[in-house]
Chemist: 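What follows is a structure written as structure tokens; I'll ask about it next.
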Amino acid sequence: MGVLDIFRKKKTDEKSAQVKHETQPGQQKQTTEAEKERKIAKKKEGGRFSWCRRLLIVLSIIGIGWAIWFAIQSSCLPSPTYSLSVAVNPSDSGNASPSYGSYSDGAQVTLTAAPVPGYEFVSWSGDASGTSPTVTVTIDSDKEVVANFRIIQY
């Protein structure tokens, strides 16, 4: 049933009600004053109620349409991506992997530091911390991490 059909329905219902209440030729219908008053009150009340109901139906349809549109649009949006860059200090003392990359929001990235001969891993700095050669970073923004090494003293 279309939106416009809702508005047409009342006129059709009124016509069919009039046909039902018509009397046969030669027959007289007696109507009391109380019945007339009820009919008038019902007609007044029905008119207001039907317009109110129609308006609510139309607004509901529009609201449901917007809700569906919003759900479709929000599910189509890509999740944000952030960059991760990992540096080594001093630059020739070792390596860290992965050294860079783009990751989706909430991704967990495990970084590993490996010294070259003659150096040892000391700590992580920047957007990571700790003294273990492996550390896990949660990507929720752009991150810059530094793997710090030092020369082994003999």
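Numbers for residues simply follow the sequence, beginning at 1. Just so you know, these numbers use all the heavy atoms, side chains as well, and skip hydrogens, waters and symmetry mates.
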Chemist: Stepwise, does the side-chain contact (heavy atoms from CB on, under 4.5 Å) test hold for Val146 with Asn148?
Modeler: CA-CA 6 Å; Val146 178; Asn148 298 296; 3.4 Å; yes
Chemist: With the side chain counted from C-beta on, respond yes when Ile139 and Thr81 share a heavy-atom pair under 4.5 Å apart, and no when they do not.
Modeler: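 Side chain of Ile139 against side chain of Thr81, heavy atoms only: no contact under 4.5 Å found.
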Chemist: Heavy-atom count around Glu120 CD within 6.0 Å, excluding the residue itself: above 12?
Modeler: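 Yes, because the 6.0 Å sphere around CD of Glu120 holds more than 12 heavy atoms from other groups.
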Chemist: After noting the C-alpha distance and the side-chain angles of Val122 and Thr131, does the key distance pass the side-chain contact (heavy atoms from CB on, under 4.5 Å) rule?
Modeler: CA-CA 6 Å; Val122 178; Thr131 57; over 6 Å; no
Chemist: Whether the side chain of Trp124 engages the backbone of Ser132 through a donor-acceptor N/O pair (distance < 3.5 Å, no angle test) should be reported.
Modeler: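 Such a contact is found between Trp124 side chain and Ser132 backbone.
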Chemist: Please determine whether residues Phe70 and Trp66 belong to a single hydrophobic cluster, defined as Ile, Leu, Val, Met, Phe, Trp and Tyr linked transitively by side-chain heavy-atom distances below 4.5 Å.
Modeler: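 Shared cluster, yes.
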Chemist: State, yes or no, whether a side-chain contact exists between Tyr82 and Asp105 at a heavy-atom distance under 4.5 Å.
Modeler: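 Yes - at least one pair of side-chain heavy atoms lies under 4.5 Å apart.
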Chemist: Show the nearest heavy-atom pair for residues Tyr103 and Pro98, with the distance to one decimal.
Modeler: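 That would be OH-CG, 3.5 Å.
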Chemist: For Lys143 and Asp127, work out which heavy atoms get closest and say how close.
Modeler: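 Minimum heavy-atom contact is CA-OD2, 3.3 Å.
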Chemist: Show the nearest heavy-atom pair for residues Thr138 and Gly106, with the distance to one decimal.
Modeler: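 Closest approach of Thr138 to Gly106, heavy atoms only: CG2-O, 4.4 Å.
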Chemist: If we ignore hydrogens and angles and just use 3.5 Å, is the side chain of Ser60 paired with the main-chain N or O of Leu56 as donor and acceptor?
Modeler: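 Flag set: sc Ser60 to bb Leu56 pair under 3.5 Å.
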Chemist: Ignoring hydrogens, what is the shortest heavy-atom contact between Phe149 and Asn95? Give both atom names and the distance.
Modeler: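 Nearest pair, atom of Phe149 first, then Asn95: CZ-O, 4.0 Å.
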Chemist: With no hydrogens and no angle check, is any side-chain donor or acceptor of Ser93 less than 3.5 Å from a backbone partner on Pro90?
Modeler: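 The answer is yes, because a donor-acceptor pair under 3.5 Å joins these two groups.
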Chemist: Please give me the minimum heavy-atom distance between Asp92 and Val116, naming the atom from each residue.
Modeler: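 Heavy atoms only, the tightest pair is O-CG2, 3.5 Å.
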Chemist: So which heavy atom on Val88 is nearest to which on Gly94, and how close?
Modeler: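 Reported closest heavy-atom pair: CG1-O, 3.5 Å.
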Chemist: Can you tell if the side chain of Leu111 reaches within under 4.5 Å of the side chain of Val145, non-hydrogen atoms only?
Modeler: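 In short, these two side chains touch, coming nearer than 4.5 Å.
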Chemist: Would you say the side chains of Thr136 and Gln108 form a donor-acceptor pair under 3.5 Å?
Modeler: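 No - no donor-acceptor pair under 3.5 Å links their side chains.
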